[in-house]
Structure formats: structure tokens, C-alpha cells
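Here the structure is laid out as C-alpha cells; the discussion comes afterwards.
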Amino acid sequence: MIIHIDYIEDKAIMKVEGMINGESSFKLQDRLKEVLDSGVNKLDIDFSECRSISSTGIGKLLIFYKTYLKTDKELRIVKCSENMFNLFNKIRFDQLIDIKR
Amino acid sequence: MLQKNLLMVDDDTIFHEIISEILEPHNYIVSHAYDGEEGIKAFEDNSNIDIILSDVMMPKVDGLELLSHIRSSNRSDIPIVMMTSHIKNEYILQALRSGASDFIGKKIDEISLLNTLNRQLNIVTKLKQESFLANHLIKTDMTFTLTASDYLNTQNSLSMLEKVRSVCNLDSGIFNNLVIVIDEILNNCFIHGIFKLTRKERFSTSEKHNKYIKKLLEKKEIRDRNLFLKFSLHKDKLDLVVKDFGDGFDFEKLKFSKNKILNFDPYGRGLNLIYLMTDEIVFSDKGSTISISKRLTVE
């Protein structure tokens, strides 16, 4: 799994490529923490090149969501592969976070 | 003996009585229609009919029209035995060409009537069994063994998945879902079955976690533990059985719900994700064997 992060003014754009499995979800957690520590108020995540996510990966996103949104910050999933979109839809993640295809 | 539902179509009422008297003691339930039009309606209204016995010459809609109508319906495989008092080759040929399963004369002989009907019912049963087997028999079996060290070196798991993908010729959507499921299963089997980690031993950073696992792998007793996986490819589904050598868990207490995946308590999130992504999930061997089934059709 590869994660790129670009910072533009008050926003971070994170692009995740590959599979988020048990092992790589720790890496996702570290990169999300990096965004949190940077102090930006908006985060856009791009999952267009991400094939799948494990329950641990979902857990990491949930913890981040809980922490990040406590501070009135904005989190969006701006792009999503079909597989990820279907999964997020199935688990109703789209009811927590704004998810675009 | 199983009951058989026969639809009798004939304009001769006395003949209905004769046929009922012969067949009912042999476990046939006979329903009656008195011309081809009634026969078509009775056939369409009753999906339990197993076989039709029909006269050829009848008012309104005759036996050949009835035959042609049923053969173009969605239950076209039902056996239809035609009968007539005019045993002429032209009738027989015409009826058989129109799709009659067999032909008998109206000078009824009990034994030959029963033999003809039972033979046709047996043919249908056999065809259904063959079709069922063709759909459910295993086409390919693939077995894999993963060692405890494969938890840190995921290359073997990935090679295994690629092999399954190529052998099964899986659609990318199904394959990606399968990757999620297998990743969850393997993770559970490694964590609980092989390393037997407690909640406290599951660290929140990759570095600490891997360090701890490496330490555990120094023990031969743990290194020697394996996971067995068996993939069985059927025509329309893929089954997977995974066995670990852990102590299992009380799977009777499991309550599956997709709503639990978004719970902030991580307990059971993985199993609920497996449940959501598969069509069947069964635990055995006190929870140390999990069997899942995934339909190979695009959702």
C-alpha cells in the first residue's frame, strides 16, 4: 500500500493506493496521525486506486473520524473505487462521512 | 413412496374414473381437465403437477395444441404422455414430433400405464439430479498451508490469492471482496489460532506488534503451527475452509450484524465483515475451523 499526502493551504489531500489489510492499516493510522498533527482543518481522502480495506483499516478510519471531527474539522472521501464505494455503502459508512465516487 | 401429481386431460368422463381407479392406489393424485383449454389452465394454475396424461382428440383445444403450449412454457420439461383410441402411425408421429414424452393406446392395461408413467417420472428425476450435480460438484480443489512466519511475510498469502484468482477466473469485484474476507480470516486465525494473543498483547503500532510477533516466532512450538486452507471451486460458488490449531471460541454467542462493523468497539468487527461479504459462514471444531461460501455471480 502506498499513501501520498499533499498539503494545500488549510487542506490535506491523501491518496491511498493498493490494499489496506491488517498490516498496512497501521501505516494508514500513522499517516492519518500525521495529518492530525499538521493542524489542517480539511482532509480529502482519495481511494480511487484502493482495492480493498480490512476491518482493522475501517477501525483506523473510525478512530480518526472520531478524533478529527471532535475539533470541528472536515473529512471527506472525494474519490472511491467501485469496490470500496460498494463496501462503504454496505457498512453504511456513507452515513458518517461524505463519500463521493 | 412419494406422491405424484398427475393431470388427466380428456373429454371422456368415464375415462377419468378408470384412470383414477388405477392410479390412486399407486400414490398418484389425479386432477382432472375435460378439454385442452381446461388442461392448459389447470397446468398454469398448479405448479405441483409432475406429469400430464392427455387425449389427442378433444373439443376446443386438442391434445397437440396443449402439447405445443406446454412445450413453449417455462415448465416445458414436464413429461406428457399422449393417448388415443386411434392407434395410427400418423398420430403417434405427430404427437412425438410435437414433444410428447410417450404414447399409449386408450385400451388401458394397468401395468403398461404404470410403467409408462413411472418411466417418464424417473427420467425427469434423473435429469434434475444430473443438473443439480453439475451445478454443485466440485470442479477444482486447491489446498494451501501457511506457516506462522507467513504472518509477517505476506508474499505467500498473496501468491495463494493470485493462484485462486487465476484458477477460478474470478471477476475483479468478486476477487476484491474475497481478498477482504480471506485477509480477515487469516488475520483472525493468526492472531487467535497461532499466536493466541490477548487483547493486551495487540499493540496499537505496527512496530511494537511486529517486534512482539518476531519474539513469539523464536519459539519452535509457535513456529511449527500452521494454517490449512482448502478452496473448492464449484460451477457457481467458491467454498473455503480454514483450520487453525487454536483453542477456538464460543461461536454460539456470535450475533452477526452489519451494523456492528461501524461500532467503535472493535470486538467482532472482522467476523461481521466476513459475514457481510459472503453468502454462508459456518464454524466447527469448537470455532477453530471456519467454512465460508461465496457465490460466483456479479452482484
Side-chain angles (χ1 to χ4, degrees), chain A residues 1-3 16-34 36-37 47-70 75 77 80-97 99 101, chain B residues 150-155 157-158 161-162 165 171-192 195 197 202-211 213 257-278 298-299:
Chain A
M1 184 195 65
I2 302 168
I3 298 178
V16 184
E17 295 174 17
M19 284 158 43
I20 307 170
N21 56 21
E23 171 72 11
S24 58
S25 59
F26 285 110
K27 194 171 166 186
L28 175 71
Q29 180 188 28
D30 291 345
R31 301 307 303 270
L32 286 169
K33 187 174 180 301
E34 187 186 311
L36 195 68
D37 293 344
F47 278 131
S48 58
E49 300 296 324
C50 184
R51 280 163 50 191
S52 63
I53 184 164
S54 66
S55 65
T56 325
I58 293 169
K60 303 298 179 200
L61 280 179
L62 278 174
I63 293 165
F64 179 75
Y65 161 84
K66 201 174 167 185
T67 321
Y68 196 66
L69 264 72
K70 254 185 202 169
L75 170 65
I77 294 175
C80 216
S81 63
E82 196 182 344
N83 202 50
M84 291 285 282
F85 186 81
N86 290 339
L87 175 65
F88 286 148
N89 188 267
K90 269 187 182 174
I91 63 171
R92 299 179 186 165
F93 201 45
D94 54 350
Q95 289 178 14
L96 287 181
I97 298 177
I99 300 176
R101 218 160 181 163
Chain B
D150 287 326
Y151 178 68
L152 294 180
N153 173 17
T154 53
Q155 199 49 48
S157 324
L158 291 173
L161 285 172
E162 280 308 325
R165 179 186 198 170
D171 165 88
S172 64
I174 290 171
F175 178 71
N176 287 336
N177 286 345
L178 202 63
V179 167
I180 295 174
V181 169
I182 292 170
D183 187 55
E184 293 300 334
I185 293 177
L186 291 184
N187 211 40
N188 268 292
C189 291
F190 275 119
I191 297 290
H192 302 293
F195 299 114
L197 299 185
R202 299 176 69 178
F203 304 104
S204 59
T205 69
S206 178
E207 205 181 323
K208 270 190 187 173
H209 179 72
N210 289 358
K211 203 174 162 187
I213 295 289
S257 161
K258 64 179 173 184
N259 298 331
K260 283 190 177 175
I261 298 168
L262 290 186
N263 278 355
F264 287 97
D265 177 3
Y267 184 73
R269 189 185 287 139
L271 282 173
N272 277 292
L273 196 59
I274 297 168
Y275 170 72
L276 182 70
M277 310 296 281
T278 55
V298 182
E299 287 167 19

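By convention in this document, chain letters (A, B, ...) are assigned in the order of the sequence lines, proteins followed by strands, and residues within each chain are numbered from 1. Nothing here was measured: the structure is a model prediction, and the numbers come from that model.
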With respect to chain A, which residue among B:I274, B:N210, B:N187 yields the maximal number of heavy-atom pairs within a distance under 4.5 Å? B:N210
What part of A:N83 gets within 4.5 angstrom of chain B, counting heavy atoms only: side chain, backbone, both, or neither? side chain
Please evaluate residues B:K208 and B:K211 with respect to the criterion side chain to side chain contact (heavy atoms under 4.5 Å, CB included), reporting the C-alpha separation (whole Å), side-chain torsions for both, the decisive distance (0.1 Å), and the verdict. CA-CA 5 Å; B:K208 270 190 187 173; B:K211 203 174 162 187; 5.7 Å; no
Where does B:F175 contact chain A at under 4.5 Å (heavy atoms): side chain, backbone, both or neither? side chain
What part of A:M84 gets closer than 4.5 Å to chain B, counting heavy atoms only: side chain, backbone, both or neither? neither
Cut-off 4.5 Å, heavy atoms of chain A, and the answer for B:N176 is both
Test side chain to side chain contact (heavy atoms under 4.5 Å, CB included) applied to A:I99 and A:N89, step by step: CA-CA 9 Å; A:I99 300 176; A:N89 188 267; over 6 Å; no
Here the gap from A:L32 atom CG to A:L61 atom CG, rounded to the nearest 0.5 Å, amounts to 6.0 Å
Does B:E162 have more than 12 heavy atoms from other residues, nucleotides or ligands lying within 6.0 Å of its CD? yes
Working for ring pair (Phe, Tyr, Trp, His ring centres under 6.0 Å), residues B:H209 and B:F195: CA-CA 12 Å; B:H209 179 72; B:F195 299 114; 8.2 Å; no
